[in-house]
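For reference, the structure discussed in these notes is given below.
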Amino acid sequence: MKVEVLSLLLASAVDASSYSYVQPKNTTILSPYGHSPAVFPSPNTTGNGGWEKAMAQAKDFVSQLTTEEKAWMATGQPGPCVGNILPIPRLNFTGLCLQNGPQCVQQGDYSSVFVSGVSAAASWDRKLLYDRAYAQAQEHKAKGSHVILGPIGGPLGRSPYDGRAWEGFAADPYLTGVCMEESIIGMQDAGVQANAKHFIANEQETQRNPTYAPDANETTYIQDSVSSNVDDRTLHELYLWPFANAARARVASFMCSYNRINGSHSCQNSYVLNHLLKGELGFQGYVMSDWGATHSGVASIESGMDMTMPGGFTLYGELWTEGSFFGKNLTDAMNNGTVKMDRVDDMIVRIMTPYFWLGQDTYPSVDSSVGPLNVDSPPDTWMYNWTFTGASNRDVRANHSSLIREHGAASTVLLKNERNALPLHRPRNVVIAGNDAGPIISATAVRGNYEFGVLANSGSSGSCNFASLSTPLEAITARVKQNGGIVQSLLNNTLVLENALPSLLTDQTPDVCLVFVKSYAVEGEDRTTLDFDWNGSAVVDAVAKYCNNTVVVTHSAGVNVMPFADHPNVTAILAAHYPGEEAGNSLADLLYGDVNPSAKLPYVIAYNESDYNAPLTTAVQTNGTSDWQSWFDEQLEVGYRYFDAHNISVRYEFGFGLSYTTYNITSLSPKSAPSNLSALPEQRPIQPGGNPALFDTVYTLTAKVSNTGSVDGFAIPQLYVQFPTSTPAGTPPSQLRGFDKIWIAAGETQTVTFDLMRRDVSYWDVVAQDWRIPSGSFTFKAGFSSRDFRARTTATLVK
C-alpha cells in the first residue's frame, strides 16, 4: 500500500439542493493514495453561465415525459449514428445523433478529413484550432449529428506509447487546455454539441476494460480495468487542468473514461463526477459513459453519470451483447423508489439544456447514408423503426479542402534544415522513396496499418473515410514537372532495404531524395515501439547512403525516436503528423517555400526510448481482480517537465520548431505590477470552469519579438514560469503559461502581450484544497521552446 496521502473533501462538501458550492476549510480527511472517497448527492444543474433560459425549456420538456421516456432519454439505442437517443414524436423530439469525429465525420460519405488533434496542437495557433473545429461542426451538423464525440483532453500524453494520444493534443495541460477551449467554442458556435473526453487520467489503452470470465455474464470480472492512481496535486495541475478549460467553454457534455481512478470506475466515481466535475468545476451539462464503460446502474446514476452509451448494449470481452444497466432497469428503479425521480429529472434536464441552448430543436435530419457505415450498430441490430427525411449522401465538404491544406502546412514541424536543403530550389531530378508517399492501394485496409500509402489519419474511433486524398507522390510530382524535371519513385520499403535504390541513380545523381516514413496508432492498443513502422529508420539510412541530400518526412501519431537525425546526408526532417486529406498539397507548399514553417512540437523527442519515464502498466504478476494498478509516481514530471527536472538531453525539445527565417526576443518586461494579491483566491460563486477568480488576470508581461532573417513568417513566442522556492517539492523547473502566433515581416519587430491568470501562477494546495500563489520570486522566461529562452524577468506576486 502506498504511504503517500492526499487531502480529500468530505461528502458534505456539496450542497446539491442550492448548488451554492463553496470550498470547505478544515474539513478534509486523509486517505491512502489510490483511494477515491464517496461524495453524494450529485449536484443539480442551475444553468449557470448563460444556460438559464435553455434550462427552463428543458424543464418544461422533462415535465411532459413519462417514466419510461425518461429512462430511454438516458439510455442509448442502436441506430444510424454511433450513439443514439430515441425520438419522442409526440413532443416533436427527433432524438439525438452522436458521432465520432476527432478528425472527421467518421460515419460520413462526401465529408472532409481534417488535420488530427496532435497536428492542430503543433500549430500553436488559436485561430486554426477554432476554424478547424467550426468547419468540422458544420459538416457534422449538415449530416445531422447533434453531438461530436470530441475534443479530447485525455489522454494528455503521460506516456508516448499511448495509442490514442494523437486524437488529443499536447503533453502539456496549458497547451491542451487552450486547444480544448478553442475547439469547443468553435464546435458549439456552429450549433453542434461538443463532448469533452475522456474524463479522467485515461492514459493507456492496455487493460482499459475489464476482462471477463468466458462462461459468465458481463458483470463477472477475471480482472478489472486498470486503475490510474493519481495524487491530488497532480490530478489538479495536470489532468484536470484542460477539462477546467472545457467546462469554462460551456461544453455540452463530458465522457467518463474506461479506466478506474484511484480504485473506482470513472463512470461511477462520485468524487470525480460529483465533487470535481459538477462541484469544483461547476459543470452544467451531462456526463455520458464511454462505449461500454458503464458497470452499474444505480451506483453510476448516484455517482453523477447521466447517460449510458451505447445503452442497449454492454461490453462483454470483445463482443457486444444485448442488455443494459439503464433502460428498463432504470424504469423499474424509478417505479420502486431505488432511484429518486428528482435525480433522473436532473439527468434529462442536463441532457436537454444544451440541446435547446444551441437551437437543436430546429435542426437538419440525420443523413440516411450514415447508417450503413455504422460498424458499431449496423442496421440489422436496430430495434427502433428509424425513418429518414431530407437528402441522402449529402456533400458537406464545401470549400474545406483549402482550409485543410492551409492547416496541414501550419501544423508540420520543421525539425532539421541544414545546407539550405529547404525550401527546395527548383530540383529537376527528384527521388521519392518509402511506402508512406503514395496512394492507399488496399481498400480493405483504409482504417488499418496498411503497408502502402500515405498515413494521413489513423485507426478506430478516430479513423476517417477519405472522399479525396492528395498524396505526397502526386503533389510533388506535379511541382517537379512544372519545372521540366523528373521524379523517380521506389515505394516498397523491402526493395529499398534490398538495395534497389542504386538502379534509380545510374543516369544522374538526384538533386534531392525525399523519404517518407510513418507510424500507426490506434484505439484499444498501445504502441510497442517509438520507432517507425515497416523498418522506416532503416529505409532512411538506406537512402541516405546513396543520396547526400536526403529530406525525411514523417507521418506519425506523435513521438518517434529518430536515430537517422545525426546522419550527415539527412539534411532536413519534417514531422507532418496526421495532416488529413490534403497531406500531399500541404507538404508541397512547405517544401517549395510557398509557406514558411511555423509549427512547434507539442511533445519531446528524446534520443532513446529508454529516456522516457512514466511507463505504461502492460502486465501484472498476480491474478487478483483489482491487481491492474498504474501508479502515477512521476507526479508532475510528465513530458518536458521530467526531462528538465533531471537535466536529460533531448533531441528536440517541447515547443521546438524551425523556420525559413530567424527570430529573437530582445526584452521581457512587466506591463503592470501586481497589487494587493492574496495568496488564495477570493471565494466567488462557482461558474463553469470553477471559481471565476482563478481566471482573473493578475500579471501582464510584454515581449519584443523580431524577425532577424530575410523571410516573412509567423513567430510563436512562448512564456514559461519558474515558481519560487517556497513552492512544495516536485514543482517542475519550467511550465508553459503563455504563447502567441504573430506575423512578422523580415526585419520588423512586434510586441507580444502575455496575460497571466491567477491559476497560471498558482499551485494546488492539498491542505487548503485551493489554488495558492506561493510567496517569493517568480522567474518568467520568454523564448521559442522549453529550452530556448531569450529573455527573463523576475517578480514577487504576493508578500
Side-chain angles (χ1 to χ4, degrees), residues 79-84 94-116 119-120 128 130-150 183 186-194 358-360 362-376 378-379 386-408 439-440 443-444 446-447 453-454 456-458 461-471 474-475 478 578-586:
C81 305
V82 71
N84 306 271
T94 58
L96 292 177
C97 168
L98 293 71
Q99 292 284 42
N100 284 321
Q103 198 171 346
C104 62
V105 182
Q106 186 193 41
Q107 295 173 197
D109 55 359
Y110 299 98
S111 58
S112 304
V113 181
F114 295 82
V115 300
S116 62
S119 293
L128 182 152
Y130 177 91
D131 290 346
R132 167 184 179 264
Y134 188 89
Q136 282 180 295
Q138 285 181 311
E139 297 199 6
H140 272 271
K141 183 175 181 178
K143 285 289 188 182
S145 311
H146 297 87
V147 183
I148 297 176
L149 299 174
S183 298
M187 290 174 181
Q188 297 189 162
D189 278 356
V192 184
Q193 298 182 39
L358 293 173
Q360 293 187 330
T362 304
Y363 206 75
S365 61
V366 174
D367 188 335
S368 62
S369 66
V370 306
L373 298 174
N374 188 348
V375 297
D376 291 299
W386 295 89
T387 59
F388 301 92
T389 61
S392 184
N393 301 106
R394 300 167 200 163
D395 191 335
V396 300
R397 293 173 290 176
N399 64 344
H400 293 155
S401 60
S402 61
L403 184 76
I404 296 165
R405 180 171 181 167
E406 176 187 334
H407 289 182
I440 302 168
T444 59
V446 169
R447 293 185 178 182
V454 59
N457 165 252
S458 214
S461 65
S463 62
C464 300
N465 296 310
F466 286 95
S468 65
L469 176 60
S470 167
T471 70
E474 171 191 32
Y578 297 147
E581 66 182 44
E582 289 292 310
N585 287 329
S586 61

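Note that these values count all heavy atoms, side chains included, but never hydrogens, waters or copies made by symmetry.
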ask   = Checking Q138 side chain against A190 main chain: does a donor-acceptor pair fall under 3.5 Å?
value = no

query = When you measure from the side chain of Y578 to the backbone N and O of Q103, does any donor-acceptor pair fall under 3.5 Å?
reply = no

ask   = Is the closest side-chain donor-acceptor distance between S463 and Q106 under 3.5 Å?
value = yes

task = Kindly say whether C464 contributes a backbone atom to a donor-acceptor pair with the side chain of N457 at under 3.5 angstrom?
result = yes

message = Among residues at least two apart in sequence or on other chains, which ones pass salt bridge (Lys or Arg N to Asp or Glu O under 4.0 Å) with D189?
response = none

query = Closest heavy-atom contact between A467 and R397?
reply = CB-NH1, 3.6 Å

S470 vs E474, side chain to side chain contact (heavy atoms under 4.5 Å, CB included): CA-CA, chis, key distance, verdict = CA-CA 7 Å; S470 167; E474 171 191 32; 4.1 Å; yes

key: Separation of L96 CG from H146 NE2 (nearest 0.5 Å)   = 6.0 Å

task = May I ask you to test the V396-S111 pair for a side-chain heavy-atom distance under 4.5 Å?
result = yes

ask   = Distance-only, no hydrogens or angles: does the R132 side chain make a donor-acceptor pair with backbone N or O of V115 under 3.5 Å?
value = yes

inquiry  = Just checking Y130: does its OH atom have more than 12 heavy atoms from other residues, nucleotides or ligands closer to it than 6.0 angstrom?
reply    = yes

remark   = Between the CD atom in Q99 and the OG atom in S461, the distance rounded to the nearest 0.5 Å is 12.0 Å

task = Indicate the atoms forming the closest heavy-atom contact of C97 with V366, along with that distance.
result = CB-CG2, 3.8 Å

inquiry  = Going by the rule ring-ring contact (aromatic ring centres under 6.0 Å, His included), which residues pair with H400 if we only count those two or more places apart in sequence or in a different chain?
reply    = F114

key: Heavy-atom pair with the smallest gap, counting every atom of V192 and A137   = CG2-O, 3.4 Å

note = Applying salt bridge (Lys or Arg N to Asp or Glu O under 4.0 Å) to R394 and not counting sequence neighbours gives none

ask   = Would you find a donor on one side and an acceptor on the other, under 3.5 Å apart, between the side chain of N100 and the backbone of G462?
value = no

inquiry  = Just so I know, are the side chains of K141 and P364 near enough to count as touching, which here means a heavy-atom distance under 4.5 Å?
reply    = yes

ask   = What are the two closest heavy atoms between A583 and V454, and how far apart are they?
value = CB-CG2, 4.3 Å

request  = Examine distances only and state if a side-chain atom of Q188 and a backbone atom of Y134 form a donor-acceptor pair shorter than 3.5 Å.
outcome  = no

ask   = Side chains of S369 and S392: do they bring a donor and an acceptor to under 3.5 Å?
value = no

query = Are side-chain heavy atoms of L358 and Y363 found at a separation under 4.5 Å?
reply = no

note = For L149 and P102, the nearest pair of non-hydrogen atoms, with its separation, is O-CD, 4.4 Å

task = Please step through side chain to side chain contact (heavy atoms under 4.5 Å, CB included) for the pair S112 and E139, ending with a clear verdict.
result = CA-CA 8 Å; S112 304; E139 297 199 6; 2.6 Å; yes

task = Look at the side chain of K143 and the backbone N and O of N393, then say whether any donor-acceptor pair between them is shorter than 3.5 Å.
result = no

task = Ignoring hydrogens and angles, tell me if any N or O in the side chain of E581 forms a donor-acceptor pair with the backbone of V113 under 3.5 Å.
result = yes

message = With side chain to side chain contact (heavy atoms under 4.5 Å, CB included) as the criterion, how do C104 and N465 come out once you've worked through the C-alpha distance, each side chain's angles and the decisive distance to 0.1 Å?
response = CA-CA 8 Å; C104 62; N465 296 310; over 6 Å; no

note = Taken to the nearest 0.5 Å, the spacing of D109 CG from F466 CZ works out to 15.0 Å

key: Side-chain donor/acceptor of E582 to backbone N/O of E406, under 3.5 Å   = no

query = Counting distance only, does the side-chain N/O of S365 pair as donor-acceptor with the main-chain N or O of F388 below 3.5 Å?
reply = no

ask   = If you measure from CE on M187 to OG on S145, what distance do you get to the nearest 0.5 Å?
value = 11.0 Å

remark   = Correct closest heavy-atom pair for D376 and V82 would be OD2-CG2, 2.9 Å

